[in-house]
Asker: 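Got a structure here, written out as structure tokens. Questions coming.
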Amino acid sequence: MATIKDIAKAAGVSVTTVSRALNGYSDVSERTRKKIKQIAEDLSYSPNALARSLVMNKTKTIGLLVSGISREGAKDNIVFEVLTGVNEYCGQVDYDIVLFNTSSSQQKQKTYTQLCRERRVDGVVIQGIKNDDPYLMEVVESDIPCVLVDIPIQGDTVGYVATDNVAGAKEAVQYLVDLGHRQIGMINGHDRAFVSQERIQGYQYGLESNHIPYNEDLVYNGGFSEKQAEEAAVSLLTRFPQTSAIFCASDLMAFGIMRAAKRVGREVPRELSIIGYDNINLSSYVTPSLTTISQDMFQIGYSAAGLLIDLLEGGSPPRSKIVSHELVVRESTCQLDKKL
């Protein structure tokens, strides 16, 4: 197997010159660089990734850190969609990915910096972290470049990628109002999620812009859990039977609301309109199919990887990117029947 010394001997240059040429340093002439690369190709030279990482203090590896991976989460496929987006971009620029999971309790046992150093990653895309998780403050203060998914925080080494959750939620409520609904409930996620804070804000704006008073009694947390959302919706519909529509902060929870409607004898959509958020694959297969706000999680992952690698490569990219959303109308919503 050819070594860097073999290339240096064949090219008539020093080992240092070969190393700097192969690693893209600008102080090597283009003519010499081309010559060295051609010799390396002729000798079938394959660089030692570990040795290169030790010399350059870079591994060309980024981490995808996901907080709270669970079996139930496999149903919404969101983590996988983000992962495929990150992987697609990394494959185009010759970076590797390490996937690792964490939880609030694990974060108290090992610091963010320790985790990154142990996994030898140059930077991290973080998804699912909560606003009270120990890692969040560490991320902001760390010198390890990071891009957050759906957490609007920026810094010298921190950026984020998200959809406009406020605008998406407001659009969902506006659509229900346009169908004639005025008693509109909400099943939110939980108070520790940034997206929950933003989506309830959009829900409030949607009501206010149509002169509908906000009633906190019509808002329940479903914990982003199908079962928990079902129980929350049963309580909501039992206490406030005049509720004609529910905006839900995730599609997965919306499925639970559909079961809740059946339990309390409400036909969807004739007697109860339901609109979700995310547009996961299953939303088009449930019966009735789910009206929802679509966000492209693949594009979010792709954009997050791109932003992170720009930070790692020393560019001056924007520190944030907003990925577009879209209202997808299906069968779970309809015009309010005034006779009901």
Asker: Under the salt bridge (Lys or Arg N to Asp or Glu O under 4.0 Å) rule, collect the residues that match up with K110, sequence neighbours excluded.
Answerer: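 Residues passing salt bridge (Lys or Arg N to Asp or Glu O under 4.0 Å) with K110: E118.
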Asker: Are side-chain N/O atoms of D150 and Q127 paired as donor and acceptor at under 3.5 Å?
Answerer: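 D150 vs Q127: no donor-acceptor pair found between side chains.
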Asker: Let me check something: do I280 and V328 share a hydrophobic cluster, defined by ILVMFWY side-chain heavy atoms less than 4.5 Å apart, either directly or through other members?
Answerer: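 Each belongs to a different hydrophobic cluster.
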Asker: Charged N to carboxylate O below 4.0 Å: is that the case for E41 and K37?
Answerer: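 Salt bridge flag = no for K37 with E41.
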Asker: Is there a side-chain contact between P152 and E198, using heavy atoms and a 4.5 Å cut-off?
Answerer: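 Of all side-chain heavy-atom pairs linking E198 with P152, at least one is under 4.5 Å.
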Asker: Are L327 and I274 linked, directly or through other ILVMFWY residues, by side chains that come within less than 4.5 angstrom of each other?
Answerer: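 Yes, it is one cluster - the side chains of L327 and I274 are joined through contacts under 4.5 Å.
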Asker: Measuring only between side-chain heavy atoms, which start at C-beta, is I246 closer than 4.5 Å to I184?
Answerer: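 Not in contact.
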Asker: If you link I, L, V, M, F, W and Y whenever their side-chain heavy atoms are under 4.5 Å apart, who else ends up in the same group as V121?
Answerer: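 Members besides V121, by chain and number: L65, V98, F100, Y112, L115, V124, I126, I129, Y135, L136, V139, V140, I144, L148, I151, I153, V158, Y160, F194, I322.
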Asker: Looking only at atom types and distance, does a side-chain atom of H181 sit under 3.5 Å from a main-chain N or O of Q183, one as donor and one as acceptor?
Answerer: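 No: the side chain of H181 does not pair with the backbone of Q183.
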Asker: Taking all non-hydrogen atoms of both residues into account, name the closest pair between C90 and A305 and its distance.
Answerer: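 Minimum heavy-atom separation between C90 and A305: SG-CB, 4.4 Å.
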Asker: Among side-chain atoms of S273 and T333, is any donor-acceptor pair under 3.5 angstrom?
Answerer: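 Their side chains do not contain a donor-acceptor pair, so the 3.5 Å distance test is not met.
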Asker: Do M258 and V329 belong to the same hydrophobic cluster, where Ile, Leu, Val, Met, Phe, Trp and Tyr are linked whenever their side-chain heavy atoms lie under 4.5 Å apart, directly or via other members?
Answerer: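 Yes; tracing contacts between hydrophobic side chains, which count when under 4.5 Å, links both residues.
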Asker: Pick one: which of Q197, R199, H325 meets side chain to side chain donor-acceptor pair (under 3.5 Å) with N165?
Answerer: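 Of the listed options, the one satisfying the test is R199.
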Asker: Are E267 and R270 side-chain neighbours, meaning at least one heavy-atom pair lies under 4.5 Å?
Answerer: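 Touching, per the 4.5 Å side-chain cut-off.
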Asker: Taking the side chain as everything from C-beta on, heavy atoms only, tell me whether M253 gets closer than 4.5 Å to Q228.
Answerer: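 Of all side-chain heavy-atom pairs linking Q228 with M253, none is under 4.5 Å.
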Asker: Under 4.5 Å between any side-chain heavy atoms of L311 and R319, yes or no?
Answerer: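 A side-chain contact exists here, since the closest heavy-atom pair is under 4.5 Å.
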Asker: Answer yes or no: is there a side-chain heavy-atom contact under 4.5 Å between R239 and Y220?
Answerer: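 Yes, their side chains come closer than 4.5 Å.
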Asker: Which residues satisfy the salt bridge (Lys or Arg N to Asp or Glu O under 4.0 Å) test with R259, sequence neighbours excluded?
Answerer: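 Salt bridge (Lys or Arg N to Asp or Glu O under 4.0 Å) check on R259 returns E226, E230.
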Asker: Same cluster or not: are V323 and V166 linked, directly or through other Ile, Leu, Val, Met, Phe, Trp or Tyr residues, by side-chain heavy atoms under 4.5 angstrom apart?
Answerer: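 Different hydrophobic clusters.
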Asker: Under the side-chain hydrogen bond (donor to acceptor under 3.5 Å, both in side chains) criterion, do S250 and D278 qualify, and how do the steps go?
Answerer: CA-CA 6 Å; S250 81; D278 291 329; 4.8 Å; no
Asker: Can you see which heavy atom on L272 is nearest to which on A261, and at what distance?
Answerer: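 Reported closest heavy-atom pair: CD2-CB, 3.9 Å.
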Asker: How far apart are the C-alpha atoms of T32 and S29, what are their side-chain angles, what is the distance that settles it, and do they pass the side-chain hydrogen bond (donor to acceptor under 3.5 Å, both in side chains) test?
Answerer: CA-CA 5 Å; T32 301; S29 71; 2.8 Å; yes
Asker: On a heavy-atom basis, which atom in A260 and which in V234 lie closest, and how many Å separate them?
Answerer: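 Shortest heavy-atom separation between A260 and V234 comes out as CB-CG2, 3.6 Å.
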Asker: Taking ring pair (Phe, Tyr, Trp, His ring centres under 6.0 Å) as the criterion, tell me which of Y302, F298, Y95 meets it with Y89.
Answerer: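 So the option named by the test is Y302.
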Asker: Please find the pair of heavy atoms, one from V28 and one from T17, that lie closest to each other, and give the distance.
Answerer: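 Closest approach of V28 to T17, heavy atoms only: CG2-O, 4.2 Å.
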Asker: Are a donor atom and an acceptor atom from the side chains of E171 and Y175 found within less than 3.5 Å of each other?
Answerer: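 Side chains of E171 and Y175: no pair found under 3.5 Å.
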Asker: Y277 and G168: which non-hydrogen atoms are nearest, and at how many Å?
Answerer: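 Heavy-atom minimum between the residues: OH-CA, 3.7 Å.
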Asker: In the structure I gave you, are the side-chain heavy atoms of V86 and I62 within less than 4.5 Å of one another anywhere?
Answerer: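 Result yes, sub-4.5 Å side-chain heavy-atom pair found.
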Asker: Would a hydrophobic clustering, with Ile, Leu, Val, Met, Phe, Trp and Tyr connected at side-chain separations under 4.5 Å, put F80 with I78?
Answerer: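 As far as the 4.5 Å side-chain criterion goes, I78 and F80 are not connected within one cluster.
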Asker: Do N279 and Q295 get their side chains close enough for a donor-acceptor pair, meaning under 3.5 Å?
Answerer: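 No.
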Asker: Can you name the closest pair of heavy atoms from P269 and C334 and give their distance?
Answerer: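 Closest approach of P269 to C334: O-SG, 3.3 Å.
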Asker: Would you tell me whether S303 and Q299 have side-chain atoms, one donor and one acceptor, within less than 3.5 Å of each other?
Answerer: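 Note: S303 and Q299 side chains meet the donor-acceptor criterion.
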Asker: Got R330 and S283 here, is their nearest side-chain heavy-atom distance under 4.5 Å?
Answerer: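 When only atoms from C-beta onward are counted, S283 and R330 do touch, with a gap below 4.5 Å.
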Asker: Regarding D122 and K60, does a basic nitrogen lie under 4.0 Å from an acidic carboxylate oxygen?
Answerer: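 No, no charged N to carboxylate O under 4.0 Å.
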Asker: Measure the acute angle between the ring planes of F247 and Y203, then classify it against the limits of 30° and 60° as parallel, tilted or perpendicular.
Answerer: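 It falls in the parallel class, under 30°.
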Asker: Less than 4.0 Å between a side-chain N and a carboxylate O, is that true for D143 and R117?
Answerer: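 So R117 pairs with D143 through a salt bridge.
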